[in-house]
Amino acid sequence: MNRGPYLFLGAFVILAFSWTAAILANQLGYGAVTPYYDDLAGQSFPAKQPGIVARGAQVYTDLGCATCHTQQVRRADLGSDLARGWGERASVGRDYIQEHTVQLGANHIGPDLRNVGARIEDVNSFYQILYSPSEDSSMPAYRFLFEETEITGEVSADALSVNSTTSHQVVPTERARSLVAYLAHRNDTYAYPETNFIPPEPEAEEAADAEEEGH
Amino acid sequence: MDSTSSNTPTSTSQPDWARIDASVKVPVLFFIYAAAAWLVTASVLGFIAAAQLVQPAFLADCAWTTHGRIVPLARNALIYGWGFNAAFAVMIWMVARLCRTPAPKWGATLVGGLFWNAGIKLGMAGIIIGQSTGHFMLEMPAYAAAIMFVSYGIIGAGVTVIFSRRREGNMFASQWYALTAMFWFPWLFSIAQYTLVFGSLRGTSQAIAAAWYGHNVYALFLGPIALGALYYLIPKRVGRPITQYPLAQIGFWSFVFFGSFGGLATLVGSPVPAWVQTVGISANFMLLIPVFAIAINLGVTLLSGSKAGGSGPALKFFKLSVLSFVAVGGLSVVLSMPSLSHTIQFTFVGEALDQLHWYAFASFAFFGAIYFMLPRLIVRPWPSGALVTAHFWASVAGAIMIIGSLVLAGFAQGAAINDIEGYPAFADVVAASSGYLVALALGYLTLIVGHLAFFVNVVMAIYQACFSKPSDSAETVFSAPAAMEVNS
């Protein structure tokens with residue numbers, strides 16, 4: 001341990017090994033994952049993201065929505081995600097392969113959004129949540145994604161219904177529109193072959209029983 | 001000489017410490033100053049982020065200060081601003097001393113330091129205006145990262161020059177940590193930038209790379225430098241050699257090896273291959289080996305030294321730092337047990353562990369090192385003892401409040417999320433943890449007080465060093481080898 005060269009050789013080997021195992025092996029593994037072509041539906045899943053959705057993903061990323069929201073649904077034995085209705089199935093790697101910047105997130109300060117597009121169908125609700133989220137949540141309002149304009153002549157077609165008055169209207173900006181398109185597109189309901197696995201049910205139930213008895 | 005025969009960094013012939021210290025004075029003081037300034041910035045940003053969790057409307061009307069941007073700003077200021085600058089200061093000074101070699105007259109280190117800090121500022125400005133890359137700990141846009149990479153190279157080259165001219169061939173544990181860390185970071189950073197920011201990774205392998213990089217900034221850079229400082233300074237401070245020094249080698253190699261995989265444990269339950277998660281959990285478990293070895297080396301040395309009556313702010317910070325290091329190792333294993341992780345995964349508990357790792361372990365080690373090092377560089381005592389005391393107690397109180405409230409908030413949040421009948425609406429879940437988040441914000445306010453005290457003391461010290469002559473007594477206290485260094 002007293003010779004520089006041995007130290008640096010050891011250091012190099014460790015980092016190289018760690019990188020090969022953690023990054024390279026996964027990259028090679030993922031390289032083999034492709035969209036799944038469904039003969040019946042005549043299209044591939046996950047589908048390519050339309051341009052507006054990709055732009056919305058950028059808005060989601062640069063506003064840091066992922067500090068409060070995850071986008072990953074865990075198996076039933078690992079958490080209550082499915083029970084809370086955050087998805088019909090656990091997320092799998094294939095769900096993400098069309099995304100430029102994957103935003104898994106790490107804290108449930110707000111609900112998981114991986115399937116929010118399946119939960120909330122009316123785009124106006126999305127605008128509403130962004131413009132004035134519920135009072136007793138910690139989600140900040142994103143007023144700067146909207147423009148408040150005086151009504152001259154016709155009311156704009158996409159003015160928010162609730163917050164507009166007779167003289168003023170609240171109109172989403174281009175960024176708000178793409179962000180909402182992105183949110184509406186969060187919908188991983190398609191079942192891939194690998195999502196049909198059976199989770200280790202009996203064990204999970206036992207654990208749940210044990211927990212109930214504990215209380 | 002074999003490694004076991006030299007278990008303290010000092011040997012019988014005392015080199016001229018004062019000359020070595022003087023040779024690194026300018027860049028090291030600059031890094032300490034920059035670190036302290038970033039530390040204040042980071043705690044202010046941390047306070048804003050915590051306050052926004054309590055009061056979402058706070059600074060919400062402007063895109064620049066929205067919560068989702070303040071959080072990465074606070075993290076970047078803390079890690080790259082405070083952490084790296086402090087690490088540079090410790091690394092340069094420690095390597096020069098351990099190699100018993102004065103640094104060559106080379107202004108480039110200072111230039112590298114200026115550019116490093118300019119790079120962070122530019123990167124943070126990028127995040128503010130919406131150019132975040134969206135990858136954890138790599139949020140700063142590529143142009144800023146490029147500046148940081150080059151300036152790191154300049155700073156690292158300076159350290160390499162010192163190392164290559166070393167007069168002491170025998171390498172002490174501190175050097176293993178400091179020098180390997182210095183070589184690891186540029187690899188980590190460039191691999192992560194190349195694969196993530198320039199976008200060649202697909203799908204959730206991005207998340208794996210980000211977890212790997214983010215954790216390794218702790219495990220292979222900041223953590224090792226903090227440990228290096230502890231190995232170097234604890235024996236000096238307590239006046240005893242490292243207990244069971246041969247364990248240090250086992251500690252070092254197992255820490256860096258298993259540590260380099262620890263980040264993968266954060267991906268449990270995520271849509272990544274199952275073996276990735278298993279590797280992460282096993283690595284955290286295996287990390288108990290180095291934690292144990294290092295705890296014996298450092299902890300037992302500290303305990304036996306307390307009887308010998310060592311004291312002072314440096315030693316107090318070192319004790320807490322070692323304690324937190326052991327706590328991180330233990331908690332990472334305990335909290336990854338399925339019965340607990342079922343509740344606390346994706347809650348504030350994750351951030352609590354980060355803060356314990358990063359603030360209570362690494363930052364406290366840096367604080368202690370700076371308390372030891374700065375008087376020797378300026379050949380004067382710290383300007384204000386009261387500010388030292390204020391800094392110590394406010395940091396300790398702030399750390400306890402922040403980590404404690406994050407843990408409590410996380411458990412409340414996780415339990416509420418899993419209890420669907422009790423907390424059907426998400427607003428109920430939010431309410432379950434909101435009380436603790438008030439304590440979190442107060443914890444950050446406490447930290448601001450402590451960090452301001454530290455910053456003011458640093459500024460006064462540097463001011464004195466530039467504009468007044470040291471007294472003769474300071475000369476003997478802070479540069480006479482006998483009083484400063486411990487022989488054993």
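Because only heavy atoms are used, hydrogens play no part in the values below, and waters and symmetry mates are left out as well, while side chains stay in. Small disclaimer: the values here were computed from a predicted structure and weren't measured. Just so it is clear: chains get the letters A, B, ... in the order the sequence lines come, proteins before strands, and each one is counted from 1.
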Is it the backbone or the side chain of B:Ile420 that comes under 4.5 Å from a heavy atom of chain A, or both, or neither? both
For residues B:Gln175 and B:Cys99, determine if any side-chain heavy atom of one lies less than 4.5 Å from a side-chain heavy atom of the other. yes
Between chain A and each of B:Gly410, B:Ser205, B:Ala211, count heavy-atom pairs under 4.5 Å; write down the option with the most. B:Ser205
Could you look at B:Tyr213 and say if it's the side chain, the backbone, both or neither that has a heavy atom under 4.5 Å from chain A? neither
Part of B:Pro338 lying under 4.5 Å from any heavy atom of chain A: neither
Need one label for B:Ala209: side chain, backbone, both or neither, based on atoms under 4.5 Å from any heavy atom in chain A. both
Which bit of B:Asp419 is near chain A, if near means a heavy-atom gap under 4.5 Å: side chain, backbone, both or neither? backbone
Which one wins on heavy-atom pair count under 4.5 Å against chain A: B:Phe348, B:Trp275, B:Trp187, B:Phe136? B:Trp187
Considering only heavy atoms, which portion of A:Ser80 lies under 4.5 Å from any heavy atom of chain B: side chain, backbone, both, or neither? both
Checking B:Leu220 against chain A: side chain, backbone, both or neither under 4.5 Å from a heavy atom? side chain
Measuring only between side-chain heavy atoms, which start at C-beta, is A:Cys65 closer than 4.5 Å to A:Gln103? no
Considering only heavy atoms from C-beta outward, does the side chain of A:Ile52 approach that of A:Tyr182 to under 4.5 Å? no
For a quick check under 3.5 Å, do A:Ser91 and A:Gln72 share a side-chain donor-acceptor pair by atom type? no
In terms of side-chain heavy atoms, does A:Thr189 have a donor or acceptor partner in A:Glu88 at a distance below 3.5 Å? no
Whatever's closer than 4.5 Å to a heavy atom in chain B on A:Leu15 counts as both
At a heavy-atom distance under 4.5 Å, which candidate from A:Pro111, A:Ser138, A:Gly64 has the highest pair count against chain B? A:Pro111
Does the pair A:His108 and B:Thr347 meet the rule for a side-chain contact (heavy atoms from CB on, under 4.5 Å), with working shown? CA-CA 6 Å; A:His108 286 151; B:Thr347 69; 6.0 Å; no
Salt bridge check: are A:Asp112 and A:Arg114 linked by an N-O gap of less than 4.0 Å? no
Cut-off 4.5 Å, heavy atoms of chain B, and the answer for A:Arg175 is side chain
Check each atom of A:Phe12 against the heavy atoms of chain B and say whether the ones under 4.5 Å are side chain, backbone, both or neither. both
Which portion of B:Phe183 sits near chain A, non-hydrogen atoms under 4.5 angstrom: side chain
Under a 3.5 Å cutoff, is there a donor and acceptor pairing between the side chains of A:Ser178 and A:Glu174? no
Tell me, for B:Val71 versus chain A, whether the close heavy atoms (under 4.5 Å) come from the side chain, the backbone, both or neither. side chain
Most contact-rich option vs chain B, by heavy-atom pairs under 4.5 angstrom, among A:Thr61, A:Val59, A:Leu63, is A:Leu63
By a 4.5 Å heavy-atom criterion (distance strictly below it), what part of B:Ala416 contacts chain A: side chain, backbone, both, or neither? backbone
Under a 4.5 Å cutoff for heavy-atom pairs, which residue among A:Ala106, A:Pro140, A:Ser137, A:Gly93 has the most contacts with chain B? A:Ala106
Would you call A:Arg186 and A:Glu99 a salt bridge, using N to O less than 4.0 angstrom? yes
Under 4.5 Å from a heavy atom of chain A, the part of B:Thr204 involved: both
Can you say whether A:Ala66 sits under 4.5 Å from chain B via the side chain, the backbone, both, or neither, judging by heavy atoms? neither
Would you say the ring centroid of A:Phe45 lies under 6.0 angstrom from that of A:Tyr192? no
In terms of heavy-atom pairs under 4.5 Å, which option from B:Val430, B:Asn418, B:Ile417 contacts chain A the most? B:Ile417
For B:Asn216 and B:Phe221, run side-chain contact (heavy atoms from CB on, under 4.5 Å): C-alpha distance rounded to whole Å, both residues' side-chain angles, the deciding distance at 0.1 Å, then the answer. CA-CA 7 Å; B:Asn216 281 348; B:Phe221 186 77; over 6 Å; no
Using non-hydrogen atoms only, which part of A:Thr70 is less than 4.5 Å away from chain B: side chain, backbone, both, or neither? side chain
Quick test of your reading of the model: are A:Arg74 and A:Asp81 salt-bridged, counting only N-O distances below 4.0 Å? yes
Region of A:Leu145 in contact with chain B, defined by heavy-atom distances below 4.5 Å: neither
With a 4.5 Å cut-off on heavy-atom pairs, point out which of B:His67, B:Arg202, B:His135 contacts chain A the most. B:Arg202
Is any side-chain N of the basic residue among A:Arg94 and A:Asp188 closer than 4.0 Å to the acidic one's carboxylate O? no
Side chain from CB out, backbone as N, CA, C, O: work out which of these in B:Val54 comes under 4.5 Å of a heavy atom of chain A, or both, or neither. neither
Cut-off 4.5 Å, heavy atoms of chain B, and the answer for A:Ile23 is side chain
Between chain A and each of B:Ala57, B:Ser132, B:Ser270, count heavy-atom pairs under 4.5 Å; write down the option with the most. B:Ser270
Donor-acceptor pair between B:Gln413 and A:Asn107 side chains, under 3.5 angstrom: yes
Measure B:Leu264 against the heavy atoms of chain A and call it side chain, backbone, both or neither at under 4.5 Å. side chain
Salt bridge or not between B:Glu139 and B:Arg75? Use side-chain N to carboxylate O under 4.0 Å. yes
Side chain, backbone, both or neither of B:Thr266 within contact of chain A (heavy atoms, under 4.5 Å): neither
Are side-chain N/O atoms of A:Tyr190 and A:Asp38 paired as donor and acceptor at under 3.5 Å? yes
Applying a strict 4.5 Å limit to non-hydrogen atoms, the region of B:Gln345 in contact with chain A is both
Is B:Arg69 paired with A:Asp62 through a side-chain N to carboxylate O contact shorter than 4.0 Å? yes
